[in-house]
Asks: 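Please read through the structure below; I'll follow up with questions.
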Amino acid sequence: MKYIGNKTRLLDFIWESAVASHIPAEGTLIDAFGGTGAVGRHFKEHGFRTISNDLMTYSYIAQYVTVYINKMPDFHKVSDSGVDGVLAILNNEKLKKEGYVFTNFAPSGEFHRQYFSDDNAKRIDAIRDLIEDWNRQGLLSKDEYYILVYALGDAADFVANIAGTYGAYLKIWRSMALKPICLKAPSIVDNHQQNEVYQEDVNALIPRLQADVLYLDPPYNERQYAPNFH
């Protein structure tokens with residue numbers, strides 16, 4: 001997922017720097033400004049108990065799915081085929097609706113903006129509403145609900161017609177933006193630890209926690225994350 005200042009390409013360097021500081025083999029990491037959860041997820045994959053935090057709701061959901069959850073739920077109230085069956089329903093190309101995303105972010109919408117193709121915008125609207133309907137009907141657990149919301153956000157970002165952030169759309173269509181949106185199951189890693197995720201002010205949160213590694217990667221400019229990532 002595209003994100004300002006993401007550390008995806010630096011994960012090995014960050015991990016090796018921590019190891020060089022003689023951290024315990026199975027310690028605890030606090031990632032206080034978690035973003036998409038890349039650093040926390042990397043430490044989790046190395047067996048660390050991981051505590052992740054971010055004020056942004058979409059960041060909290062990303063971290064809840066990839067850091068907190070250790071096991072893919074079965075989605076039995078929606079499909080007998082688990083997450084694959086649910087995603088097959090959501091990926092049906094006939095599932096379309098002219099809603100919020102189409103109105104505000106598609107060429108044929110009210111504002112004629114080309115963040116998403118008309119077809120993908122309609123599908124995003126329909127998929128999001130169906131997920132919400134399932135949740136209101138009590139068909140999804142919290143884990144299942146967040147997994148589907150995360151999968152939609154990740155898939156939508158993949159077909160977005162942007163260079164890096166949603167501050168502006170491209171005037172010429174990216175080839176990827178013209179492909180049909182396709183939700184995929186997120187990779188869930190079980191580190192056999194009780195991981196934690198928070199959505200709090202870091203100044204209030206940190207004094208309540210203990211860990212072997214405190215990773216701090218705060219915003220480094222005045223650009224607000226919310227309008228750049230919806």
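As the structure is a prediction and not an experimental result, all values here were calculated from the model.
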Asks: Mind checking whether L140 and V86 sit in one hydrophobic cluster, side chains of I, L, V, M, F, W, Y counted as touching below 4.5 Å?
Replies: yes
Asks: Is there a donor-acceptor pair under 3.5 Å between the side chain of R49 and the backbone N or O of Q194?
Replies: yes
Asks: As an exercise, state the distance from NE2 of H42 to CG of L29, rounded to the nearest 0.5 Å.
Replies: 11.0 Å
Asks: Please work out which of the three classes, parallel, tilted or perpendicular, describes the rings of Y166 and F116, given edges at 30° and 60°.
Replies: tilted
Asks: Is it true that, when you exclude K71 itself, more than 12 heavy atoms of the residues, nucleotides or ligands shown sit nearer than 6.0 Å to its NZ?
Replies: no
Asks: Looking at side-chain heavy atoms only, is the closest gap between E144 and W134 below 4.5 Å?
Replies: no
Asks: Measure the shortest side-chain to side-chain distance between F33 and S59 over non-hydrogen atoms and say whether it is less than 4.5 angstrom.
Replies: no
Asks: For A156 versus I124, what's the shortest heavy-atom pair and its separation?
Replies: CB-CD1, 3.8 Å
Asks: Would Y68 and S52 satisfy side-chain contact (heavy atoms from CB on, under 4.5 Å), going step by step from the backbone distance to the final call?
Replies: CA-CA 8 Å; Y68 175 74; S52 195; over 6 Å; no
Asks: Examine L130 and L183 and state if one hydrophobic cluster contains both, with Ile, Leu, Val, Met, Phe, Trp and Tyr joined whenever side-chain heavy atoms are less than 4.5 Å apart.
Replies: yes
Asks: Closest heavy-atom contact between I147 and P73?
Replies: CD1-CD, 3.4 Å
Asks: Tell me whether Q199 contacts the main-chain N or O of L55 through its side chain, where contact means a donor paired with an acceptor under 3.5 Å.
Replies: yes
Asks: Among D129, D118, D119, which residue meets the salt bridge (charged side-chain N to carboxylate O under 4.0 Å, His left out) test with K97?
Replies: D129
Asks: What's the separation between atom OG in S21 and atom CG in D212, rounded to the nearest 0.5 Å?
Replies: 12.0 Å
Asks: Should Y64 and D143 be marked as a side-chain contact (heavy atoms from CB on, under 4.5 Å) after you check the CA-CA gap, both sets of side-chain angles, and the distance that decides it?
Replies: CA-CA 8 Å; Y64 186 98; D143 289 7; 2.6 Å; yes
Asks: Could you state the interatomic distance from CD (E93) to CG (L95), rounded to the nearest 0.5 Å?
Replies: 11.0 Å
Asks: Looking at T36, is its backbone amide N or carbonyl O close enough to the side chain of R41 to form a donor-acceptor pair, meaning the two atoms are under 3.5 Å apart?
Replies: yes
Asks: Got a sec: does the CG of D201 have more than 12 other heavy atoms crowding it under 6.0 Å?
Replies: yes
Asks: Using the rule that two of Ile, Leu, Val, Met, Phe, Trp, Tyr join whenever any of their side-chain heavy atoms come within less than 4.5 Å, decide whether I162 and F111 are in one cluster.
Replies: no
Asks: Quick one: closest heavy-atom pair of P180 and R123, and the distance?
Replies: CB-NH1, 3.7 Å
Asks: If you count heavy atoms of other groups shown closer than 6.0 angstrom to CD1 of I172, is the number above 12?
Replies: no
Asks: Indicate the atoms forming the closest heavy-atom contact of I206 with A32, along with that distance.
Replies: CD1-CB, 4.2 Å
Asks: Nearest 0.5 angstrom please: L209 CG to N53 CG, how far?
Replies: 8.5 Å
Asks: For residues Y150 and Y146, establish whether the separation of their ring centroids is below 6.0 Å.
Replies: no
Asks: Should N191 and F43 count as side-chain neighbours, where that means a heavy-atom distance under 4.5 Å?
Replies: no
Asks: Begin from the C-alpha positions of Q193 and T50 and carry the test side chain to side chain donor-acceptor pair (under 3.5 Å) through to its verdict.
Replies: CA-CA 8 Å; Q193 302 280 359; T50 304; over 6 Å; no
Asks: Before you tell me yes or no, could you show the steps for V65 and I188 under side-chain contact (heavy atoms from CB on, under 4.5 Å), namely the whole-Å CA-CA distance, both residues' side-chain angles and the distance that decides it to 0.1 Å?
Replies: CA-CA 8 Å; V65 171; I188 304 295; 4.0 Å; yes
Asks: Between N120 (side chain only) and K179 (backbone N and O only), is there a donor and an acceptor less than 3.5 Å apart?
Replies: yes
Asks: Taking the side chain from N161 and the backbone from Y169, do they hold a donor-acceptor pair closer than 3.5 Å?
Replies: no
Asks: Any chance you could lay out the side-chain contact (heavy atoms from CB on, under 4.5 Å) test for L152 and L90, step after step, and finish with the verdict?
Replies: CA-CA 9 Å; L152 175 57; L90 297 177; over 6 Å; no
Asks: Report yes or no: does D125 contribute a side-chain atom to a donor-acceptor pair with the main-chain N or O of Y100 at less than 3.5 Å?
Replies: yes
Asks: Quick one: does any side-chain atom of D54 pair with a main-chain N or O of Y60 as donor and acceptor, under 3.5 Å?
Replies: no
Asks: Between A155 and C182, which heavy-atom pair has the shortest distance, and what is it?
Replies: CB-O, 3.5 Å
Asks: What distance separates H112 NE2 from N104 CG, expressed to the nearest 0.5 Å?
Replies: 12.0 Å
Asks: Would a distance-only check, ignoring hydrogens and angles, find a side-chain to backbone donor-acceptor pair under 3.5 Å from E132 to R128?
Replies: no
Asks: Donor-acceptor pair, K7 side chain versus V39 backbone, under 3.5 Å?
Replies: no
Asks: Tell me the closest heavy-atom pair linking R208 and Y198, and the distance in Å.
Replies: NH2-CE2, 4.2 Å
Asks: Between Y215 and I51, is there shared hydrophobic-cluster membership here, with clusters defined by ILVMFWY side-chain heavy atoms closer than 4.5 Å?
Replies: no
Asks: Does a side-chain heavy-atom distance below 4.5 Å link N135 with L148?
Replies: no
Asks: Ring pair (Phe, Tyr, Trp, His ring centres under 6.0 Å) with F158: which residues, sequence neighbours excluded?
Replies: none
Asks: Between I14 and I30, is there shared hydrophobic-cluster membership here, with clusters defined by ILVMFWY side-chain heavy atoms closer than 4.5 Å?
Replies: no
Asks: Under the 3.5 angstrom rule, does the side chain of Q114 hit a backbone N or O of L170 as a donor-acceptor pair?
Replies: yes
Asks: Say you draw a straight line from CZ of F75 to OG of S141; how long is it, rounded to the nearest 0.5 Å?
Replies: 7.0 Å
